[in-house]
Structures are given as structure tokens and as C-alpha cells.
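Take a look at the structure below.
Every chain is numbered from 1, with letters handed out A, B, ... down the list of sequences. Excluded from the calculations below are hydrogen atoms, water molecules and symmetry mates; all remaining heavy atoms, backbone and side chain alike, are included.
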2 protein chains.
Amino acid sequence: MTKIEVLLVEDQGMVLGALAALLNTEPDITVAGTASNGRAALDLMTKKPPQVLVTDIEMPQMTGLELAAVVKERFPKTRVVILTTFARPGYLRRALDAGAQGYLLKDRPAAELAEAIRRVHRGLRVVDPDLAAEAWTADPDPLTDRERQILQRAGDGMSTADVARELSLSEGTVRNYLSESIAKLGVSNRIEAARLARSKGWL
Amino acid sequence: MTKIEVLLVEDQGMVLGALAALLNTEPDITVAGTASNGRAALDLMTKKPPQVLVTDIEMPQMTGLELAAVVKERFPKTRVVILTTFARPGYLRRALDAGAQGYLLKDRPAAELAEAIRRVHRGLRVVDPDLAAEAWTADPDPLTDRERQILQRAGDGMSTADVARELSLSEGTVRNYLSESIAKLGVSNRIEAARLARSKGWL
DNA sequence: CCAGCAACAGGACAAATGCTCTAAGGTGAT
DNA sequence: ATCACCTTAGAGCATTTGTCCTGTTGCTGG
């Protein structure tokens with residue numbers, strides 16, 4: 001009997017080790033490797049691509065979404081499961097676009113992880129049902145690239161002038177974009193706009 | 001040989017299950033119970049208090065810091081280890097004030113958890129060394145209660161008028177507090193002030 | 001080819017925000 | 001009882017932010 005080989009990617013050492021221990025208690029799954037960021041994961045994969053890659057999203061160096069995109073390109077046989085804290089429709093959409101077969105929340109019971117890996121290994125898709133339903137009805141990202149860039153910086157506390165300087169725009173233009181973003185999101189200032197956009201996974 | 005009995009508290013099901021699996025691989029430790037929030041943990045403890053309680057901080061219903069305080073009061077024999085993502089001096093200080101014997105970051109290698117539990121069980125303290133050093137030199141929270149309240153709301157996007165209404169203050173007063181907070185934190189607007197304060201664990 | 005849209009810019013105006021100052025009452029410590 | 005500090009308030013002023021316009025350019029789908 002051959003076990004399913006899994007590569008785990010997660011930046012929090014404690015969680016990484018714990019997930020590995022969890023998966024190793026499954027008779028049909030083996031943790032073939034672990035990495036704490038996207039780059040390290042890719043290095044490991046060039047030596048021996050695993051059958052399933054389980055990755056977090058928010059990590060230093062390279063996010064799980066970027067990693068998924070590269071894996072789809074260079075290791076098309078490896079299935080990707082995204083394992084994250086964030087129930088954001090925007091993330092889910094980006095994950096599926098990046099070629100992930102699974103999207104699973106850390107909120108769910110531990111047993112679902114092994115089950116998801118088995119299903120994905122069999123060629124099925126696994127998406128958190130609540131989140132899928134939400135994503136179905138969810139409004140798509142109304143922001144343009146420029147609006148996102150500017151909102152991001154404004155949400156980090158940069159002033160209009162700072163943003164204008166960094167992006168080589170006039171202050172008036174920056175204010176226009178912010179005003180437009182605020183209107184599109186139906187809120188009343190840049191702070192709320194940035195918070196809302198982040199919570200939806202648009203930034 | 002009697003094993004160390006541990007109660008695990010963590011709101012993310014996947015992480016909770018994984019940590020349990022991890023600890024159960026240790027010959028001298030047994031997971032006597034798990035809970036996904038502070039209330040549930042207290043219910044379990046009234047039946048049979050464990051020797052060591054390992055808890056996350058940010059959880060719904062009751063935070064790990066509040067839980068630690070109650071445990072110190074009602075179950076003084078149980079040692080408490082805080083296990084969290086956040087390397088914030090403010091949290092560490094509050095944890096120690098609340099009677100926790102250990103403060104450990106999820107960033108650290110998985111092996112440190114079991115080791116920390118053993119040390120704490122033997123009556124020693126365990127604090128992440130980097131964080132301890134930082135906490136030692138770290139500037140204390142310069143904000144007053146009022147300033148914190150107001151900065152919190154402003155950081156959530158509420159306007160000066162909204163805050164004034166909610167706290168039954170005049171707008172001028174609210175602006176005074178914000179101005180004072182901004183000056184104390186050495187930043188240039190309310191957004192940066194709220195971000196900085198949050199990152200230090202002051203909000 | 002043209003309509004539609006994103007990107008960019010600037011002006012004018014209103015509203016919100018931030019700064020500085022003054023001033024009062026309360027509390028806790030020395 | 002004096003000092004230090006928090007809370008509250010208001011006024012005046014400069015700056016920043018947000019809104020509403022008009023307008024140009026360039027790209028893309030039909």
C-alpha cells in the first residue's frame with residue numbers, strides 16, 4: 001500500500017509541526033516534507049514533487065496563492081490544498097484561479113484535513129461549503145488596480161501627499177481615486193474603505 | 001509513571017486537533033481535554049482541573065488572558081501556558097499579571113511546546129526569550145484609558161462626531177484626545193496611531 | 001470606427017482633522 | 001496642602017480630506 005505524500009507549508013513553526021503530527025497519525029498519509037514559506041517549498045519540490053501540497057496563504061517571502069500559481073505551472077501533477085484562517089470570498093476566488101483544488105478553513109474540525117487531502121488526491125475538489133455559498137452570492141471586487149494600490153497605502157496610514165509621491169501621481173488624482181473607492185464601497189472615509197476591502201480579501 | 005494532564009484551549013478547530021495530536025506523541029504528556037473558548041474550558045475544569053492549561057489569547061466569548069486570570073483565582077494549582085501568534089510586549093505583561101507561568105509563540109518550533117509544558121509543570125517559568133528581552137526594553141503604554149477608548153473607535157473608521165456621540169463627549173474633547181495620542185505615539189495621523197498602538201498590544 | 005472605461009489631472013468648495021492654547025474640576029500621592 | 005495627572009471643554013487656525021466638476025489620453029470589444 002502506498003501512502004499519499006504530502007508537502008506542508010506553513011509559517012508558524014508550532015502549527016506546522018502540529019499539523020505534521022496530525023497527518024502522520026493517518027495510516028494512508030505521510031508527510032514527505034515541510035517548509036515555512038513558498039520559496040523553501042519550491043526548492044523541496046524540484047527534488048521530489050509531492051502528490052498533494054497543503055499551504056497556508058499569508059506567509060513571508062511568497063504567499064500561498066502565489067505558490068499555488070507557480071505549482072500549477074511547473075508541477076501540474078501536484079494537487080494544491082489551501083489551508084487558511086481567512087473566510088474571504090476574494091481569497092477563494094484567487095485560490096481557484098491559481099489552480100488550487102481545495103480551500104479549507106483552520107476553523108474546521110481537524111478530521112476534515114485528512115479527508116480533504118484524500119478527496120483532492122482522488123481528483124475531486126474540496127471547498128468549504130459555507131464559504132462557497134458566500135462566494136456565490138458575494139459581490140465581486142469593484143475596485144480597479146489603481147484604486148486598490150492607493151487604498152492599500154491610505155489604509156496603512158499614508159497621507160494623500162505620501163501616496164502621491166510614492167506613486168508619482170498628483171494629490172488631486174489620489175484624492176479622486178480615494179473618493180471613488182469610498183463611494184463604490186458605500187462607506188464614509190478611507191479608513192472604513194480600507195477595512196472593508198481588506199475584510200473581503202480585495203486588498 | 002503518571003503523565004502530565006493538559007487541557008488545550010484554541011478556537012481554530014484544525015489547530016486544536018493538530019496540537020492535540022502533537023502532544024499525544026509525547027510519552028509523558030496526555031491531552032485530558034480540549035475546548036474552543038474560555039467558557040467551555042472553565043466548564044471542563046470544574047469537573048477535573050488539569051495540571052497544565054495551554055491556551056490561545058484571541059478567542060470569542062472569553063480571551064485567554066481573561067481565562068488565565070479566572071484560573072489563577074479558582075484553580076491555583078493549575079499552571080497556565082499562553083500560546084499565541086502575537087509577540088506583543090503588552091500581551092506578555094498582561095499574561096504575567098494574570099498569573100500565567102508560560103508565554104510561547106506559535107512561530108517557534110513544535111518541539112518547544114512539550115518542553116515548555118514540562119518546565120511549567122515542574123514549577124518553572126517559560127517566556128519566549130526574544131520577546132522577554134523586547135518587553136524589558138519596551139516602552140510602556142503611554143495612553144490613558146480615555147485615549148485608548150477613543151483611538152480604538154477612530155481606528156475602526158468612526159468619525160470624530162461618531163465617537164463623541166457614542167462616548168457622550170464634545171467633538172472638541174475627542175479631537176483633543178486624538179491629537180494627544182498622535183503626539184504621544186510620534187505619528188502623524190489617527191490611522192497610524194491606531195495601527196501602532198494595536199501592534200504594540202495596547203489596544 | 002466608436003462607445004465605454006481606466007488612468008490621469010486640476011480647480012473649487014465644504015467638511016473633517018490636527019494643533020495649540022486656555023481653563024476648570026477631580027483624584028491620588030508626598 | 002501642594003503637585004502631578006486625568007478628564008473635560010471650548011476657541012481659533014492651518015492642513016488634510018472628501019466631493020463634484022471638467023477634461024485628455026489610450027486601450028478594448030463590438
(message) Can you see whether B:Asn176 engages B:Thr173 through a side-chain donor-acceptor pair at a distance of less than 3.5 angstrom?
(response) no
(request) Would you confirm whether B:Gln51, through its side chain, and B:Arg79, through its main-chain N or O, come within 3.5 Å as a donor-acceptor pair? (result) no
(message) Regarding B:Arg190 and B:Thr160, do their side chains bring together a donor and an acceptor under 3.5 Å, going by distance alone?
(response) yes
(message) Does A:Arg118, at its CZ atom, have more than 12 non-hydrogen atoms belonging to other residues, nucleotides or ligands within less than 6.0 Å?
(response) yes
(request) Would you mind checking if A:Lys3 and A:Glu26 are paired as a salt bridge, meaning a charged N to carboxylate O distance below 4.0 Å? (result) no
(message) Taking the axis from the first five pairs and the axis from the last five, what angle separates them in the helix from C:dC1-D:dG30 to C:dT30-D:dA1, rounded to 10 degrees?
(response) 50°
Pairs under 3.5 angstrom, nitrogen or oxygen only, protein versus nucleotides 5-7 of chain C, please.
from	atom 1	to	atom 2	distance (Å)
C:dA7	OP2	A:Thr144	OG1	2.6

Close N or O pairs between protein and nucleotides 20-25 of chain C (under 3.5 Å):
from	atom 1	to	atom 2	distance (Å)
C:dT20	O4	B:Asn176	OD1	3.2

(message) Donor-acceptor pair, distance only, cut-off 3.5 Å: does the side chain of A:Asp162 make one with the backbone of A:Ser159?
(response) yes
(message) Quick check on A:Arg198: does its CZ atom have over 12 non-hydrogen neighbours (other residues, nucleotides or ligands) under 6.0 Å away?
(response) yes
(message) Check this for me, if you would: do B:Lys106 and B:Glu10 make a salt bridge, where the nitrogen-to-carboxylate-oxygen distance has to be below 4.0 angstrom?
(response) yes
(request) Figure out the CD/P separation between B:Glu180 and D:dT8, and round it to whole Å. (result) 14 Å
(message) Both B:Pro142 and B:Ser168 contact DNA chain D. Which one's nearest nucleotide lies toward the 5' end?
(response) B:Pro142
(request) For the pair A:Asp156 (side chain) and A:Met158 (backbone), establish whether a donor and an acceptor sit closer than 3.5 Å, ignoring hydrogens and angles. (result) no
Only pairs under 3.5 Å count here: list side-chain donor-acceptor contacts from residues 56-68 of chain B, not counting sequence neighbours, and write none if there are none.
from	atom 1	to	atom 2	distance (Å)
B:Glu58	OE2	B:Tyr91	OH	2.7
B:Thr63	OG1	B:Leu65	N	3.4
B:Thr63	OG1	B:Glu66	N	3.2
B:Glu66	OE1	B:Thr63	N	3.0

Tabulate protein N/O versus nucleotide N/O from nucleotides 28-30 of chain D, keeping only pairs under 3.5 Å, one per line.
none

Produce the list of close N/O pairs, under 3.5 Å, pairing protein atoms with atoms of nucleotides 15-17 of chain D; give distances to one decimal.
from	atom 1	to	atom 2	distance (Å)
D:dT17	OP2	A:Thr160	N	3.0
D:dT17	OP2	A:Thr160	OG1	2.7

(message) Just the rounded figure in Å: distance from P of C:dG18 to CG of B:Leu151.
(response) 10 Å
